[in-house]
Amino acid sequence: MIIQNFMPEIGERSVQERLLTCLRSEPKTLPSVFFYDQKGSELFEQITKLEEYYLPDIEIPLLRSTAKKVNSELKNCNLVELGSGDCSKISVFLDAVPKDIRETIIYYPIDVSKDAMEKSGHILQNRFPEIGIHGINADFLESMDLIPGDRNRFFCFFGSTIGNLTRAKTTEFMKRLGQVMNENDRLLLGVDMVKDINVLERAYNDSLGITAEFNKNILKVANNHIGTDFDPDDFEHVAFFNKEFSRIEMHLKAKRDLVVKSDLFKERIIFKKGDTIHTENSHKYTVQHIYDMADTAGLFVSDIYSDDKKWFSLVEMVK
Ligand code: AVJ
């Protein structure tokens, strides 16, 4: 296994600037990438096991059944996974691909976290010694053109991660991918589908309150970076389906008037009771949205693999 590093050195200073800019903006926001410190990643892990959080329960068997259907397309390919994380999804996917095909694959995980990649890459390599692994430590939005086009490329973007991007970012991402892809390349994109609003809202308002804790943990992450004195107990977890934008939105709502101070800067962050911090969007798609997305990218939808209830889809696109 080799890992190539393309991450620019992002100083703590610019991380602080980013957080401050978000908290100064109106309405206030905190970017969802900041959920995932050690504690946040543990809480997310717990979310994936919740009865109400249906996504992994559906996506994992779907990864397996889809891998079986597309495995002939994987022969001699560069298998690129955008945002590979802990490699658990690709592991399920590859497990359903016959060994004689796996032997011909070179896997290119792309992720911002070098630690996660080293750790999960080794686990994957032990499980599938026949696969070449070439890790790319980079932001997937900036790095899809780093993958050699000497062989057919099979791009994977699992886990509904695309759902966290804004509409504008999604368009930018799809356009770039459309430019990078060649005639023989393919894309397999995981998207969570629009469904009964109660099912959607329950998935982000679980009865054990784990999602609430996950949401509030972002305030502790902010405290660690910018020395603020946010008390998570001063905020209420709010998650609802915004029909107009077809997305679950998560917010933190101030339970009372608050003044947040920091050791690092003089300015105060003022909250009136009921003011919110927008922490996450999780877009949900219709078949129409899927075709529109392909259109923007100059790609064609060649297949949509879904579960029986059509709750989640793995969309295959070609140029
Ligand atoms: C990891 C982005 C797929 O949007 O459902 C889970 C994150 N947020 N519960 C999602 C999340 C609240 C999750 N993704």
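One-based numbering, in listed order, for ligands and for the atoms of each.
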Original post:
Between Asp86 and Lys89, is the closest basic N to carboxylate O distance under 4.0 Å?
Top reply: no
Original post:
Is ligand 1 under 4.0 Å from a heavy atom in the side chain of Phe35, in the backbone, in both, or in neither?
Top reply: neither
Subject >> Top protein contact for atom 3 (C) of ligand 1, by heavy-atom distance >> reply: Gly159 O, 3.1 Å
Subject >> Close approach, Gly163 and ligand 1, non-hydrogen under 4.0 angstrom >> reply: no
Original post:
Nearest to atom 4 (O) of ligand 1, what protein heavy atom do you find, and at what distance?
Top reply: Ser282 OG, 2.7 Å
Original post:
Hey, is the main chain of Arg153 close enough, under 3.5 Å, to the side chain of Asp185 for a donor-acceptor pair?
Top reply: yes
Subject >> Atom NZ of Lys75 with >12 non-hydrogen neighbours under 6.0 angstrom >> reply: no
Subject >> Minimum heavy-atom distance Leu188-Thr66, with the two atoms named >> reply: CD2-CG2, 4.1 Å
Original post:
Of all the non-hydrogen atoms in the protein, which one sits nearest to atom 7 (C) of ligand 1, and at what distance?
Top reply: Glu280 OE2, 3.4 Å
Subject >> Candidates Tyr36, Tyr204, Tyr53 - the one meeting ring-ring contact (aromatic ring centres under 6.0 Å, His included) with Phe214 >> reply: Tyr36
Original post:
Going by an N to O cut-off under 4.0 Å, is there a salt bridge joining Glu183 and Lys319?
Top reply: no
**OP:** Give the residue, atom name and distance (to 0.1 Å) of the protein heavy atom nearest atom 1 (C) of ligand 1.
**Re:** Phe44 CZ, 3.5 Å
Subject >> Option with minimal heavy-atom separation from atom 6 (C) of ligand 1, where the choices are Tyr36, Phe214, Tyr54, Tyr53 >> reply: Tyr53
**OP:** For Asn164 and ligand 1, answer yes if some heavy atom of the residue is under 4.0 Å from a ligand atom, otherwise no.
**Re:** yes
